[in-house]
Asks: 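Handing you a structure now.
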Amino acid sequence: MGNSTLIFDGHLDLAMNAMEWNRDLRWTVDEIRRSEEAMTDKPDRGHGTVSLPSMREGNVGVCVATQIARYVKSGNKLPGWNSPEQAWAHTQGQLAWYRIMEEEGELVQIKTTTDLNRHLDAWENSSGETPIGYILSLEGADSIFSIDYLERAYDYGLRAVGPAHFGQGTYACGTNSTGGIGIKGRELIKEIERLGIILDTTHLCDESFWEIMDVYHGPVWASHNNCRVFVPHNRQFTDDQINEIINRDGVTGVALNAGMLVPDWIQGKSDPQFMGVTLELVVNNIDHICQLAGNSLHAAIGSDLDGGFGKEKCPHDLDTIADLQKIPGLLDQRGYDNKDIINIMSGNWIRFLKKNL
Ligand SMILES: [Zn+2]
């Protein structure tokens, strides 16, 4: 696909956008924005940055794409489903969307190393018609309402699981909560390890993170996670946590949510231009992970673009996901050589998956 660098995005909520935001991702970003001009139901209406044509334009040829549905116990103020059964059913609707996109030649699911190699060959030699590859991941495991459903999910291609999302989940405690993993969490972790599923540490609170590290021996990554050294909040990882992932030969994908790039971001009030949010801050996070590792083998992109936010909460020098192509130039300016840049833009996720799928 031209001369641009292949980009592997480690975290995109594609089906959530299709099934909850009602975005037909086959449209261009402009078409989606225009269709939402009068809508006010969500803060990012009219500000989306992701569509399948824009991914193609930016040579984002492969990604990790999520199923996501939260279960909230009564009294929990977060939005979500009232039962894990409903949450499971919602994820199955999202799966149905992925399947239809596969049938239409827009996406191709990657479940094995063979699939991955085949896809990368096809993408490299394509003229723009090749389906975009995706690895299926589950963000927050509350929808796994009975442990045996995890194997069912593995059978339809689920290859990564983040045990928690926001708040206290069934299996672990997520962002903005505190606490460990308990008996159910231990059961889930054991089953993740037995099935050979990748454990996504993103969104785990510190206590759950370290408890999981004590009992889990399989592959780990942080699909969309920034560094706490820049933004002191529990959503970001400490250097110790990033080092733990590095020591396990894992990879951390840096995210583009402005609230994770500058401290003191106020939801609904702050403006990316005014706050000076640019792709340079994304590169700062990439660079910090590389400095901790002493090499370029553990940092990557997990943009999370359109993960409940759009242009109003992104680096202001990015209009659509195609602008991820600006990152290689920024890395080059910092002295990263071509090999490092390829590692970061796609090579590290690919190496990790070839080892662990
Ligand atoms: Zn997330």
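What's counted below: heavy atoms across the whole structure, side chains too, no hydrogens, waters or symmetry copies. We count ligands from 1, going down the list as the structure has it; atoms in each ligand are counted the same way.
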Asks: Are the aromatic rings of W349 and W221 close, with centres under 6.0 Å apart?
Replies: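 Yes, they do, as the ring centres are separated by less than 6.0 Å.
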
Asks: Just by distance, with hydrogens left out, do E106 and Y98 show a side-chain donor and acceptor under 3.5 Å apart?
Replies: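 Checked: E106/Y98 side chains show no N/O donor-acceptor pair below 3.5 Å.
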
Asks: Taking 2.8 Å as the cut-off, does E139 contribute an N, O or S atom near the Zn ion (ligand 1), distance below it?
Replies: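 A backbone or side-chain N, O or S atom of E139 is under 2.8 Å from the Zn ion (ligand 1).
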
Asks: Classify the side-chain pair H224/E139 by whether it contains a donor and acceptor separated by less than 3.5 Å.
Replies: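 There is such a pair (donor and acceptor under 3.5 Å, judged by atom type) between the side chains of H224 and E139.
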
Asks: What I want to check is whether the side chains of S303 and D9 have a donor and an acceptor closer together than 3.5 Å.
Replies: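 Short answer, yes.
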
Asks: Got a sec: is H165 within less than 2.8 Å of the Zn ion (ligand 1) via an N/O/S atom?
Replies: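 It does not; every qualifying atom lies at 2.8 Å or beyond.
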
Asks: Do any N/O/S atoms of H224 come under 2.8 Å of the Zn ion (ligand 1)?
Replies: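 H224 does place an N, O or S atom closer than 2.8 Å to the Zn ion (ligand 1).
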
